[in-house]
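Below is one structure, written out as structure tokens; comments come after it.
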Amino acid sequence: AKSEGKARFVMYDADRNARQAARYTLAAAIPDALDRAEFTVVYQPLVAFADERLCGVEALVRWRHPVLGTLTPDTFIPLAEETGVIVALGRHVLREACAQAASWPDVFVSVNVTVAQVREPSFPAEVAAILAETGLDPRRLVLELTESAVMDSDGAPLAALDCLAGRGIRIAIDDFGTGYSNLAYLRRLPIHILKLAGPFVDGLRESSSVDEQIVRTIVTLAHALQVTVTAEAVETRDQADRLRELGCDTAQGYLFSRPLPPESLIPLLRGAACA
Ligand code: C2E
Ligand code: CA
Ligand code: CA
């Protein structure tokens, strides 16, 4: 029985190595894929709870892989982070999203940015160059960062944020509530939006849950600091109604819309409400 266990372990290990090798092959293909324009951007609508009209979109990258089909970001973003190619990929997504948004009526566009990108000293200048090149008003750009990305490696607030916010760009904290959620930094950093992570929204299934109390507390604190709250991954009418009651400002999720290619989004922009 013991040797059997070992054999199984070896097999599992070989399997894992093969998967790891496949992941690296995929990561190594990213630079060429960028040159061949295989990365596209889809846009998921965000609605204001007040009237449920579209007020912005989040840009989400897709890889139209010639062999593997359309890949979602969880299959290649972690790899791109490991190999550093995320910096080039992120720049491509930002440019694409700003160029698209510049041709739309005044909804905002929210773009995901990773730690590696914001820690590049040239990042604020690059963003400014992309805005100038595309003609997008900085007030229509939101950058989404995770909690771990808004501090530098010594735990000091990232100076780049002041620089970006000073130009009128808004900063959102993505997946809020999944990390350490050190609310103290909200006072020290130019944060405009908190995006409440999916698990909280999911926790609202049961009435008067602890999650409901947490959401209420987060919203109260955020509003006291002039920070708006977006609920992510809203899938049911029930969740939406509760999140509205709890004071959330905007919502995003399959209940309202899946991420859409630009050609499908454009008709929806006519009914758009806010900037
Ligand atoms: P995220 O920033 O939290 O983005 C939201 C994800 O939730 C998207 O998955 C979206 O399709 C999905 N989603 C939207 N509504 C619902 C819902 O009602 N229910 C559920 N269960 N899911 C919903 P997607 O597009 O697969 O992206 C996954 C993650 O990949 C993103 O999570 C983000 O962290 C990352 N990502 C996507 N695009 C980029 C990018 O351009 N750059 C970087 N650095 N990361 C990106
Ligand atoms: Ca995001
Ligand atoms: Ca998120």
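Everything quoted here is computed from the prediction, not taken from an experiment. Start at 1 and go down the list; that is how both ligands and their atoms are numbered.
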Original post:
Between Phe256 and Phe49, how do the two ring planes meet: parallel, tilted or perpendicular, split at 30° and 60°?
Top reply: perpendicular

**OP:** Identify the heavy atoms of Val127 and Ile169 that sit nearest to each other, and give their distance.
**Re:** CG1-CD1, 3.6 Å

**OP:** Look at the N, O or S atoms of Asn112, main chain and side chain alike, and state whether any lies under 3.0 Å from the Ca ion (ligand 2).
**Re:** yes

Original post:
Is any side-chain N of the basic residue among Glu58 and Arg258 closer than 4.0 Å to the acidic one's carboxylate O?
Top reply: no

Original post:
Thinking salt bridges, do Asp241 and Arg244 make one under a 4.0 Å N-O criterion?
Top reply: yes

**OP:** Mind checking how many protein N/O/S atoms fall short of 3.0 Å from the Ca ion (ligand 3)?
**Re:** 4

About how many Å separate [atom2] of [Y] and [atom1] of [X], when rounded to the nearest 0.5 Å?
| X | Y | atom1 | atom2 | result |
| --- | --- | --- | --- | --- |
| Cys248 | Glu232 | SG | CD | 11.0 Å |
| Arg91 | Ile86 | CZ | CD1 | 11.0 Å |
| Leu255 | Gln239 | CG | CD | 8.5 Å |

Original post:
Does NZ or CZ of Arg170 come closer than 6.0 Å to the centre of the six-membered ring of Phe108, within 45° of the ring's axis?
Top reply: yes

Could you list each nitrogen or oxygen of ligand 1 that sits under 3.5 Å from a protein nitrogen or oxygen, with the atom names and the distance?
unit_1, atom_1, unit_2, atom_2, d
ligand 1, 2 (O), Glu58, OE2, 3.2
ligand 1, 2 (O), Asn112, OD1, 3.2
ligand 1, 2 (O), Asp174, OD2, 3.0
ligand 1, 3 (O), Asp175, OD1, 3.3
ligand 1, 3 (O), Glu232, OE2, 3.3
ligand 1, 15 (N), Gln44, NE2, 3.0
ligand 1, 18 (O), Tyr254, N, 2.8
ligand 1, 19 (N), Glu235, OE2, 2.5
ligand 1, 21 (N), Glu235, OE2, 3.1
ligand 1, 22 (N), Tyr254, OH, 3.4
ligand 1, 25 (O), Arg62, NH1, 2.9
ligand 1, 25 (O), Arg62, NH2, 3.0
ligand 1, 38 (N), Val61, N, 3.2

Original post:
Side chains of Thr70 and Arg64: is there a donor and an acceptor less than 3.5 Å apart?
Top reply: yes

**OP:** Would you indicate whether Arg187, at its atom CZ, is surrounded by more than 12 heavy atoms from other residues, nucleotides or ligands within a distance under 6.0 Å?
**Re:** no

Subject >> Closest Glu58 atom to the Ca ion (ligand 2) [N, O or S only] >> reply: OE2

